[in-house]
Amino acid sequence: MRIRHTLAAAAAAVSVAAVTAGPAHAAEYSSALKVKGVQYDAPGTDSNRCSGGNTKNEYLTIKNYSRTAKVNLKGYVVKDAAGNKYTFTANHTLEPGDYVKLRGGKGTNSDAGNVVYRQNCNFIWNNDKDTIYLLKPGGARADVHSYTKRANDADGNGYINYHG
């Protein structure tokens, strides 16, 4: 009888946890790095041509919100709901309060210009809705945001601001 009671209590605890758990984008993760904003819909007509396309105008801004700690982006991963991803493979250190724009398309990465290119001319963010995952080098979540064009982009300019 004791085993059944313990199993029933465990099942009830799991049910309560499942009901009280919020959506992924509502959690606050313990990371200095967070998504500051996303230009999920590049201005103009979408064209993923490497020459003359506008994938460079789609970008994600990642900011170091720490007041004291430097953070190296090497090993961090950015991905969408479909599993498309980009891994920072080179050292790129963000000073406290500093940011980097992760742009689509091909280009030259620049610490001074605060820009890293995905070296891929395909768009990563959907224009109607998507989820942005920023993962630490070990795979733990640093930040997550879901968006829909209708709910999160009131002015319709294709840009959503997070964390100010």
Side-chain angles (χ1 to χ4, degrees), residues 14-15 17-66 71 73-90 92 94 97-111 113-164:
V14 169
S15 296
V19 170
T20 59
H25 65 280
E28 189 63 31
Y29 300 97
S30 61
S31 173
L33 292 185
K34 298 206 181 292
V35 175
K36 183 179 186 309
V38 61
Q39 181 71 49
Y40 67 91
D41 187 2
T45 303
D46 285 352
S47 171
N48 63 356
R49 291 188 328 259
C50 284
S51 177
N54 64 339
T55 55
K56 286 182 181 180
N57 297 327
E58 178 187 85
Y59 62 89
L60 181 71
T61 305
I62 300 168
K63 182 176 178 181
N64 179 357
Y65 284 90
S66 172
V71 181
L73 287 168
K74 186 174 183 176
Y76 274 80
V77 174
V78 171
K79 71 177 191 172
D80 71 350
N84 299 304
K85 68 180 183 175
Y86 173 82
T87 302
F88 289 90
T89 57
H92 189 102
L94 294 180
D98 203 3
Y99 68 91
V100 66
K101 286 187 178 179
L102 175 61
R103 291 189 175 275
K106 295 184 178 183
T108 303
N109 297 342
S110 169
D111 282 336
N114 292 332
V115 66
V116 172
Y117 290 89
R118 291 189 294 109
Q119 305 304 333
N120 182 321
C121 296
N122 292 321
F123 292 97
I124 191 170
W125 311 116
N126 294 333
N127 288 350
D128 60 342
K129 64 181 178 177
D130 213 333
T131 300
I132 302 163
Y133 298 91
L134 175 62
L135 305 175
K136 295 177 182 181
R141 290 182 177 177
D143 201 13
V144 177
H145 294 280
S146 294
Y147 68 85
T148 64
K149 183 173 188 165
R150 173 177 279 173
N152 303 108
D153 189 9
D155 61 6
N157 68 354
Y159 183 83
I160 299 170
N161 190 36
Y162 304 107
H163 300 292

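It should be emphasised that the depicted structure is a prediction, and the values quoted were computed from it without experimental measurement.
Applying the salt bridge (charged side-chain N to carboxylate O under 4.0 Å, His left out) test to D41 and every residue at least two apart in sequence or in another chain returns K149. For Y117, the ring pair (Phe, Tyr, Trp, His ring centres under 6.0 Å) criterion is met by no residue, not counting sequence neighbours. Not counting sequence neighbours, F123 has no partner by the ring pair (Phe, Tyr, Trp, His ring centres under 6.0 Å) test. By the ring pair (Phe, Tyr, Trp, His ring centres under 6.0 Å) test, Y76 pairs with no residue at all, sequence neighbours left out. Every residue was checked against the ring pair (Phe, Tyr, Trp, His ring centres under 6.0 Å) condition with Y59, not counting sequence neighbours, and none meets it. With sequence neighbours excluded, no residue forms a side chain to side chain contact (heavy atoms under 4.5 Å, CB included) with A90.
Annotation: cation-pi pair K79/Y133 present, NZ/CZ under 6.0 Å from the ring centroid and within 45° of its normal.
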Worksheet entry | Criterion side chain to side chain contact (heavy atoms under 4.5 Å, CB included) on Y65 and K36, from CA distance to verdict | CA-CA 9 Å; Y65 284 90; K36 183 179 186 309; 3.6 Å; yes
Discussion item. Let's go through L73 and V116 carefully: what are the C-alpha distance in whole Å and the side-chain angles of both, what is the deciding distance for side chain to side chain contact (heavy atoms under 4.5 Å, CB included) to 0.1 Å, and is it a yes or a no?
Written reply: CA-CA 11 Å; L73 287 168; V116 172; 5.5 Å; no
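Listed by first and then second residue, the disulfide (SG to SG under 2.5 Å) pairs involving residues 117-164 are C50-C121 (not counting sequence neighbours). Screening residues 128-164 for disulfide (SG to SG under 2.5 Å) gives no qualifying pairs among residues at least two apart or on separate chains. For residues 153-164, no pair satisfies salt bridge (Lys or Arg N to Asp or Glu O under 4.0 Å), with sequence neighbours left out. Listed by first then second residue, pairs satisfying disulfide (SG to SG under 2.5 Å) with a partner in residues 127-164 number zero, not counting sequence neighbours. For residues 115-128, every residue pair satisfying the salt bridge (Lys or Arg N to Asp or Glu O under 4.0 Å) rule, not counting sequence neighbours, is listed here: E58-R118. Among residues at least two apart or in separate chains, there is no salt bridge (Lys or Arg N to Asp or Glu O under 4.0 Å) pair with a member in residues 97-109.
Annotation: the span from N48 atom CG to N120 atom CG amounts to 9.0 Å, rounded to 0.5 Å. Atom CG of N161 and atom NE2 of H145 lie 9.5 Å apart (nearest 0.5 Å). Rounding to the nearest 0.5 Å gives a distance of 9.0 Å between CG of L102 and CG of N109. With values rounded to the nearest 0.5 angstrom, I124 atom CD1 is found 5.5 Å from N84 atom CG. Atoms CG and CG, on D46 and N57 in that order, are 10.0 Å from each other to the nearest 0.5 Å. Atom OG of S66 is separated from atom NZ of K34 by 11.5 Å, given to the nearest 0.5 angstrom.
A donor-acceptor contact shorter than 3.5 Å links the side chain of Q119 to the backbone of G107.
A pairwise comparison of heavy atoms in A32 and N64 identifies CB-OD1, 3.4 Å as the closest pair. Taking each heavy atom of N152 and S146 in turn, the nearest pair found is OD1-O, 4.2 Å. In terms of heavy-atom proximity, K74 sits nearest to T89 at CE-O, 3.3 Å. Pairing each heavy atom of V78 with each of L60, the nearest pair is CG1-CD2, 3.5 Å. The two residues T108 and V115 make their nearest non-hydrogen contact at O-CG1, 4.2 Å.
Between the side chains of H163 and D143, at least one donor-acceptor pair of N or O atoms lies under 3.5 Å.
Remark: of the listed residues Y159, Y162, Y40, W125, Y40 is the sole one forming a ring pair (Phe, Tyr, Trp, His ring centres under 6.0 Å) with Y147.
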